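Single-structure report; data block below.
Everything quoted here is computed from the prediction, not taken from an experiment. Each chain gets a letter, A, B and so on, in the order its sequence line appears, and its residues count up from 1.
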Amino acid sequence: MENSVDLLAGLNNSQKRAVTTVDGPVLALAGPGSGKTRVLTHRIAYLIYEKRVSPSAILSVTFTNKAAREMRERMANLIGERVAEQVTIGTFHSLAARWLRREARSVQLADGWVIYDDDDQQRLMKRLIKERNLPEKTFTARAVLSAISSAKSELLDVATYAKASRSPESRIYAELYAQYQQALRIAGALDFDDLLLYGLDLVRQDRYQQRFRYVLVDEYQDTNKAQYEIVRALSRGFGNIFVVGDDDQSIYGWRGADIRNIRQFEVDFPGAQVIVLPENYRSTQAILDVAQVLIDASPKRAHRKILKAQIPGGEPVLWRDCSDQNDESQRVCDAIDRLVKSGVARYADCAVMYRTNAQSRAFEEALGRRRIPYILVGGMRFYERREVKDLLAWMRLMANPDDDVSLERALDFPNSGIGQSSLTHLQQWARSQAQSVFGAMVAVATDSQAIPALKGAARQRVIAFGAKVHHLRGQVRTLPLNQAFDAVLSETKFTQAIAEMYDDSDADARIENVNELRQVSGEYLVLPVEEQLFRFLEEVALVADVDTLATGEPVERDNRVVCITMHQAKGLEYDNVFIVGLEDELIPHSRTHLFPEQIDEERRILYVGITRARKRLMLSRAQRRMTYGRYEPTLTSRFLKDIPKGMLQVTTGLGSVAPTMTRAQQPSSQSPQYRTWNDTPPVHTPSVSAAPSVEFAVGDRVRHQRFGEGIIMAAKVVDDDVEVLVNFADKVVGEKRLIASFARLEKIL
DNA sequence: CGAAGCTAACTTTTT
DNA sequence: GTTAGCTTCG
């Protein structure tokens, strides 16, 4: 068993303080790479072994499920699996879901409640807007839902929101909010925000305030008001609240996160101790210098931190001005190829980061063409695929037949023969009776007078469909999850329907996804039968794409370049980071240009991206970019002005590569920089591109920052860079094979 | 009732 | 360049 001496070994002084200051409110301001996960896990271990706190009295809240899993693993290493699993760890959403499943009734919630994801919410809201015949251009589901979500994050309920609504337009918003909540209630559904709101109701009950003696919250800068109140309620009993965060990394304001939570922690929790963790164990000083000047240019900050690397110097941060998004992606691939071929890195040590998901496309194409293995994080997630959602809709109906959105999906696929007009009749009746659509189906089946508009074959089909759902539910209730899946699949003839609907290869891929989903269900068989379906549905609704990203030493299968948004990259780190698209329409995003506060958040997004890099960082932009199918000229991101020229090594060598372009799309202008287009080799042949940025020849004398002076023995052009063999004067160094631009070789004349 | 074909509107960022 | 949503036809 570990003792406290071991637990503190290897920690620096501020980390030790953060671990051992256990009583009362504590705020740890943790700069990037400052080892905060380490602090959190060691603190928990310290509480258990030094302070004799029962592990079940400790709660740790993380930002992602992946972080929760990692924390649990690291704790298992530290204190053993048996003890680690008794600590409660999870995200706000997953913890709320877990608790609400057990205690739905104590907050007046239907027992079989389900979670509505983005797509479900959208479908529901579209229906409400359509039912009211509102102009769908002024009232988009997206806009209304976003307003509702902000309201909920601020704890504004329907009544309060309505009271504050003065303009005719906002009154309609308020009414839609009310109708939306009503619809959710009838359907027995909660959206993501509701999880927090109902969760808050729950944890405000007395027993929760006695439950956790110590509460720890990670990424505190990204909490919203509802989460803040949850934290307050949970820590009210004992007052031992420990939060870790960094206001410089607050990037979720758009989702209701309130940066004031962290900035006012000392006000909200009187007597709070503040511990700063400034040491950075991740990046080289060259990278941190860039991060520092960028964040220091931010107008208002509560706590300025000086980023201090444990690794001095380092390779210079590169800047590359590319001609378009294809050129940019090729350059990045070149660099990755070079790093991997020279043995400096594996694919999994490289990450491409961008502001918007749409930017990933060019990189997917380029990486695919080069046969570089990659993984795309975000975009279309597995659980968002049509066939997966269709099957999940059926499974959700098994849990809760009142779930109208799922019922509509299930009616659509596999084709039930019940069309829009029948559905409208059912919906109208359901609305007038404050019931679900399934309730309407039951009414039709039991009362021949109900909904007379449904006649003949249509009526029979409705009855048959209702009976099928009812029958399946009866079966599924007592079945283990994998058999429940089989029952649903065979009863609905699900895979046959896919085979009929899609072309062969497409159908195969989709059936494969269906099988994979069924496969996942196997992980839930260890639970009691009555819990399996619910737990499965909850976790499926709450997994983020990053959650499935491999961690630790990559096995061969995971040795892939990671393509990811800077948002999702928060909390991750890579040896080599390529931040692309540093253009003024992308970062700061054009939608934020009118709002200084939001521009500041954009700056922090870039800061988060930069500080993901351990050893090498390359920044780039495209001078023109394809948007909406048109090439548009771009401007360099304004944030680049805050980085002194001397901090970046500019890599030139303009060349244009536009492999997917057809002749008809080529611009008529024949400016020199585009001249190479006609000579661009076909897609699959390796590109022979522009001249190297710096010329090196055999016999040249060069100087290297660390290795000193030497003579070039051999040189060869690799894509647009030069790989050189240098014989250094220093005999200890001897001969080295180097990539000229990464090694920052200087020619001595 | 459903499939095919057309138009318009569109992309931040996500639990 | 894509996709959702509409119209039209069988």
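Looking at heavy atoms from C-beta onward, A/V540 lies out of side-chain contact with A/L537 at the 4.5 angstrom threshold. With a 4.5 Å cut-off on side-chain heavy atoms, A/Y116 and A/D194 do not count as touching.
Within the 4.0 Å cut-off from OP1 or OP2 of B/dC1, not a single side-chain nitrogen or oxygen of A/R461 is found. Between A/T140 and B/dC10 there is no side-chain N or O to OP1 or OP2 distance below 4.0 Å. Put simply, A/S94 has no side-chain N or O that comes within less than 4.0 Å of OP1 or OP2 on B/dT15. Between A/T565 and the phosphate of B/dT14, there is a side-chain N or O to OP1/OP2 separation shorter than 4.0 Å. An OP1 or OP2 oxygen of B/dT15 is reached within less than 4.0 angstrom by no side-chain nitrogen or oxygen of A/N65. At least one side-chain nitrogen or oxygen of A/N357 sits closer than 4.0 Å to the OP1 or OP2 atom of B/dT13.
A cation-pi contact, defined as under 6.0 Å to the ring centre and within 45° of the axis, links A/K570 to A/F63. Geometric assessment of A/R255 against the ring of A/Y252 yields a positive cation-pi assignment under the 6.0 Å and 45° thresholds.
Judged by closest nucleotide on DNA chain B, A/A458 is the one of A/A458 and A/Q121 placed further toward the 5' end. Looking at which nucleotide of DNA chain B each of A/S422 and A/V546 is closest to, the 5′-most match is held by A/S422.
For A/E131, the CD atom is densely surrounded, since the number of other residues' heavy atoms within 6.0 Å is greater than 12.
Of the listed nucleotides (B/dC1, B/dT11, C/dC6), B/dC1 has the atom at the smallest distance from the side chain of A/S421. Distances were taken from every side-chain heavy atom of A/H93 (C-beta onward) to each of B/dT12, B/dC1, B/dT15; the shortest belongs to B/dT15. For A/Y628, whose side chain is taken as the heavy atoms from C-beta onward, the closest listed nucleotide among B/dT15, C/dG1, B/dT13 is C/dG1. Here the side chain of A/K126 is nearest to one of B/dT11, C/dA4, B/dC1, namely C/dA4. When distances run from any side-chain atom of A/A358 to the nucleotides B/dT11, B/dT15, B/dT13, the shortest one goes to B/dT11. Ranking B/dT14, C/dA4, B/dT12 by closeness to the A/Y252 side chain, first place goes to B/dT14. Here the nucleotide nearest the side chain of A/N415, chosen from B/dG2, C/dG5, B/dC1, is B/dG2. Closest to the side chain of A/R591, from the set C/dA4, B/dT13, B/dT12, is B/dT12. Out of B/dC1, B/dT15, B/dT13, the shortest distance to the side chain of A/R355 is found at B/dT13.
Nucleotide B/dC10 holds its P atom 16 Å from the CD atom of A/E632, rounded to whole Å. Regarding A/I230, its CD1 atom lies at a distance of 17 Å from the P atom of B/dT15, rounded to whole Å. We find that CG of A/N224 is positioned 20 Å from P of B/dT13, with the value rounded to whole Å. For A/L197 and B/dT15, the CG to P distance is 18 Å, given to the nearest whole Å. The CD-C1' distance, from A/Q221 to B/dT13, rounds to 15 Å in whole Å. Here B/dT14 presents its C1' atom at 11 Å from CG of A/D222, a figure rounded to the nearest Å. A straight line from CG of A/D547 to P of B/dT15 spans 7 Å, rounded to a whole angstrom. Atom CD1 in A/I564 sits roughly 12 Å away from atom C1' in B/dT13 (whole-Å rounding).
Rounded to the nearest Å, the gap between the C1' atom of B/dT11 and that of C/dC6 is 22 Å. Nucleotides C/dG5 and B/dT12, compared at atom C1', are 23 Å apart to the nearest Å.
Between A/F494 and A/F413, the distance separating the two ring centers is shorter than 6.0 angstrom. Annotation: A/W254 is not in aromatic contact with A/H589 [ring centroid separation under 6.0 Å not met]. Here the two rings, on A/W99 and A/Y208, have centers that are under 6.0 Å apart.
No engagement by A/K570 is indicated, since no non-hydrogen atom pair under 4.0 Å with the nucleic acid exists. Residue-level contact check: A/R630 touches neither bases nor backbone, having no heavy atom under 4.0 Å from any strand. Residue contacts shown for A/Q568 are limited to sugar-phosphate atoms, with no base heavy atom under 4.0 Å away. At a threshold of 4.0 angstrom between heavy atoms, the contacts of A/S590 with the nucleic acid are absent. If you check every strand for non-hydrogen atoms under 4.0 Å, A/S146 touches nothing. Contacts of A/D193 with the nucleic acid, taken as non-hydrogen atoms under 4.0 Å apart, are absent.
In this pair, A/W254 lays its aromatic ring flat on the base of B/dT13, centres within 5.5 Å and planes under 30 degrees apart. Here A/H589 packs flat against the base of B/dT12; its ring centre is closer than 5.5 angstrom to the base's six-membered ring, tilted by less than 30 degrees.
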